[in-house]
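Please read the structure below before turning to the comments.
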Amino acid sequence: MASLRQLDAEARSQTRGIEAQTGIEMTAKTLRTEDRIVLVLRHLGIERAHFAACMARDWAGLLSSYPDLVSSLTLVSPWGFKLGALRGNASRLLIISGDQGRPAEEVRRAVQNLSGATVINLNGYFSTNWADVIADRTDTVGSAITAFISGIARRQADRAVTLPESEGKVAGISYSIKGSGVPLVLLPLALAPSQWQPLLPVLNKSYCTITLGGPALGAAAFLEARRPGYLRVVRSLIDETRLRPGEMVLEVGCGSGVILRWLAEYTHGKNRIVGIDVNRYLLREAATLVLKAGIQGVIELQDGNAESMPFPDDCFDVTLACTVMEEGDADRMLQECVRVTRPQGRVAVLVRSIDMPGWVNLPLEAALRRKAEAQSGNAQEQGCADASLYSRMYKAGLKQVIAFPQWATFSEGERLEYMEERIVATLTAEETAEWRQAKAEAEADGTFFITQPFHCAVGTKP
């Protein structure tokens, strides 16, 4: 097996060659997500492709900076809309979404400004960020995508390609190639556990499918972008557990491992740390980042469901669950957290809050401020995203429960942009004008920030 140093050297050598082919100078300032994707496609000799994606961070730059590269764009359970990038491309846009809850409302609001877009509603479906939409609606989604791309490809006379089946990595993005036909690039599907896998056998028959991944894309990149505001909240949670050197820690729903890696650094490697997640896609990205950080001797990653964990009773001194109890049966998850924690061990939980206001540090009129700071979000019917967390902790058998709401502050970066986008999408034209004026004033003196509220609690197992 190649060493990390060898892999890094190979990546640098490959990057220099690709720079020469594409004319893209790969520096810290210019290597945007869209540049990375272009480097992959140029490496494969592809000049134009159809794209299917979920998260706006992955596709918006392509449409803005490289519109000629995109034959069509399919958004499956879209997470975020960049209307400025989409408006001039609506005729080659397909949106597939459930018809339930906030995701459906966001799609309906967006398509009002996207005349000519094709929209497929999945009847009776709640397409949250973590919904396994391809596994749940394989035939419907597959038929919609193939019919849409076939029509676009015929009109544009897109050229079919045949590439050898292979895997590789370019500019921090991994790729996997299968099938032949017009190129179809598959970008990550947010937190969906199965990603594109259930649909690949169908797509591979019609297209040259290029599945992209890596920590620079999708939910992995988004989860990593929570630093540092989110980790300040997590640190307060950990401090309340009174974690001691040598104690074993479990994080339930570890995602890309951002908390695991921070915790390994925070404890100076003096604690064994285990992370589980039901999402194997995110676990692979977490493993890549752990290896890159050189802390694989401290952190163990394992496939596991929070509602039925693969551990015997009384294993861990501290069990941690951060923003995962919104996504399933919260009471069952808490019961499992208590079960795998040793007597006198601590269970620490953090959930997003939809029952507390956030804070937008802008000079807004009172009515607009209330609207901007109101919280709404997705939670499963049996999930927890409110102050019921505190009573649930007691009902699960925990004692000495410490309850403390917190707010994470974001003053720059992708997370701030995402939060602002979701707020502005709900505003009228007049309210948007007021927002922009207030934002300009705050940015002029460096005081613009947005906070996100969380409910936090730590309890002791008797």
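One-based numbering along the sequence shown. In what follows, every heavy atom counts, from backbone to side chain, and hydrogens, waters and symmetry copies are set aside. Keep in mind it's a predicted model, so treat the numbers as computed, not measured.
For the atom pair Cys384 SG and Asp329 CG, the distance stands at 11.0 Å (nearest 0.5 Å). Rounding to the nearest 0.5 Å gives a distance of 7.0 Å between CZ of Arg346 and CG of Leu243. Distance check, rounded to the nearest 0.5 Å: CG of Asn129 to CD of Glu327 gives 8.0 Å. One distance of note links CD1 of Ile402 with CE of Met393; it measures 9.5 Å at 0.5 Å rounding. To the nearest 0.5 Å, the span separating CH2 on Trp196 from CG on Leu203 amounts to 7.0 Å. Atom OG of Ser97 is separated from atom CD1 of Ile120 by 11.0 Å, given to the nearest 0.5 angstrom.
When every heavy atom of Pro310 is checked against every heavy atom of Gly304, the shortest pair comes out as CD-CA, 4.0 Å. In this structure, Val185 and Ala49 approach most closely via the heavy-atom pair CG2-CB, 3.9 Å. Here the shortest heavy-atom pairing between Ser353 and Gln375 reads O-CB, 3.6 Å. Considering every non-hydrogen atom in both Gly214 and Ser174, the closest pair reads N-OG, 3.7 Å. Ala385 and Val351 make their closest contact through CA-CG2, 4.3 Å (heavy atoms, listed as atom of the first residue, atom of the second, distance). When every heavy atom of Leu320 is checked against every heavy atom of Leu237, the shortest pair comes out as CD1-CD2, 3.3 Å.
Under a 3.5 Å cut-off, the side chain of Asp58 and the backbone N or O of Gly218 do form a donor-acceptor pair. Asp277 places a side-chain N or O within 3.5 Å of a backbone atom of Gly255 that can act as its donor or acceptor partner. Looking only at distances, a side-chain donor or acceptor of Asp132 sits under 3.5 Å from a matching main-chain atom of Ser194. At least one donor-acceptor pair closer than 3.5 Å links the side chain of Asp99 to the backbone N or O of Gly124. A distance-only check finds no donor-acceptor pair linking the side chain of Glu240 to the backbone of Ile238 [under 3.5 Å]. Without hydrogens or angle criteria, Glu307 side chain to Gly328 main chain gives no donor-acceptor distance under 3.5 Å.
A salt bridge is absent between Arg244 and Asp317: the closest approach of a Lys/Arg side-chain nitrogen to an acidic carboxylate oxygen does not fall below 4.0 angstrom. Arg261 has a carboxylate O that lies under 4.0 Å from a charged side-chain N of Glu224, or vice versa, which qualifies the two as a salt bridge. Note on Glu105 versus Arg102: no salt bridge recorded, every NZ/NE/NH1/NH2 to OD/OE distance being 4.0 Å or above.
Legend: ring-ring contact (aromatic ring centres under 6.0 Å, His included) pairs involving residues 228-254, not counting sequence neighbours, sorted by first then second residue: Tyr230-Phe454.
Residues Gln335 and Val338 are not in side-chain contact: their nearest non-hydrogen atoms beyond the backbone lie 4.5 Å or more apart. Here the side chains of Ile149 and Ser72 are in contact, with some heavy-atom distance below 4.5 Å. Under the 4.5 Å side-chain criterion, counting only non-hydrogen atoms from C-beta, Glu373 is in contact with Trp359. Counting heavy atoms from C-beta outward, Arg137 and Ser127 have side chains that stay 4.5 Å or more apart. The closest side-chain heavy-atom distance from Leu260 to Val249 is not below 4.5 Å. Trp130 places none of its side-chain heavy atoms less than 4.5 Å from the side chain of Asn279. Contact annotation: the side chain of Ser65 approaches that of Arg32 to within less than 4.5 Å [non-hydrogen atoms, C-beta and beyond]. Looking at heavy atoms from C-beta onward, Glu251 lies out of side-chain contact with Ile273 at the 4.5 angstrom threshold.
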Chi angles and distances behind the side chain to side chain contact (heavy atoms under 4.5 Å, CB included) call for Leu75, Trp59: CA-CA 9 Å; Leu75 301 179; Trp59 54 259; 3.4 Å; yes
Step-by-step side chain to side chain contact (heavy atoms under 4.5 Å, CB included) determination, Asp355 to His455: CA-CA 10 Å; Asp355 60 346; His455 288 292; 2.7 Å; yes
Residue pair Ile259, Cys322: steps toward the side chain to side chain contact (heavy atoms under 4.5 Å, CB included) verdict: CA-CA 9 Å; Ile259 294 176; Cys322 295; 3.8 Å; yes
Step-by-step side chain to side chain contact (heavy atoms under 4.5 Å, CB included) determination, Cys456 to Val233: CA-CA 9 Å; Cys456 308; Val233 174; 4.0 Å; yes
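Exactly one of Arg422, Glu421, Glu420, Arg415 qualifies for a side-chain hydrogen bond (donor to acceptor under 3.5 Å, both in side chains) with Tyr418. That residue is Arg422. Screening Arg342, Arg339, Lys461 for a salt bridge (charged side-chain N to carboxylate O under 4.0 Å, His left out) with Asp314, the sole residue that qualifies is Lys461.
Applying the 6.0 Å contact sphere to NZ of Lys178 captures no more than 12 heavy atoms from other residues, nucleotides or ligands. Counting non-hydrogen atoms of other residues, nucleotides and ligands closer than 6.0 Å to CZ of Arg109 gives a total above 12.
No donor-acceptor contact under 3.5 angstrom links the side chains of Tyr266 and Asn271, judged on distance only.
At least one test fails for Arg232 against the ring of Trp407: distance under 6.0 Å to the centre or angle within 45° of the axis.
Relative ring orientation between His43 and Tyr175 is described as tilted, the plane-to-plane angle lying within the 30° to 60° band.
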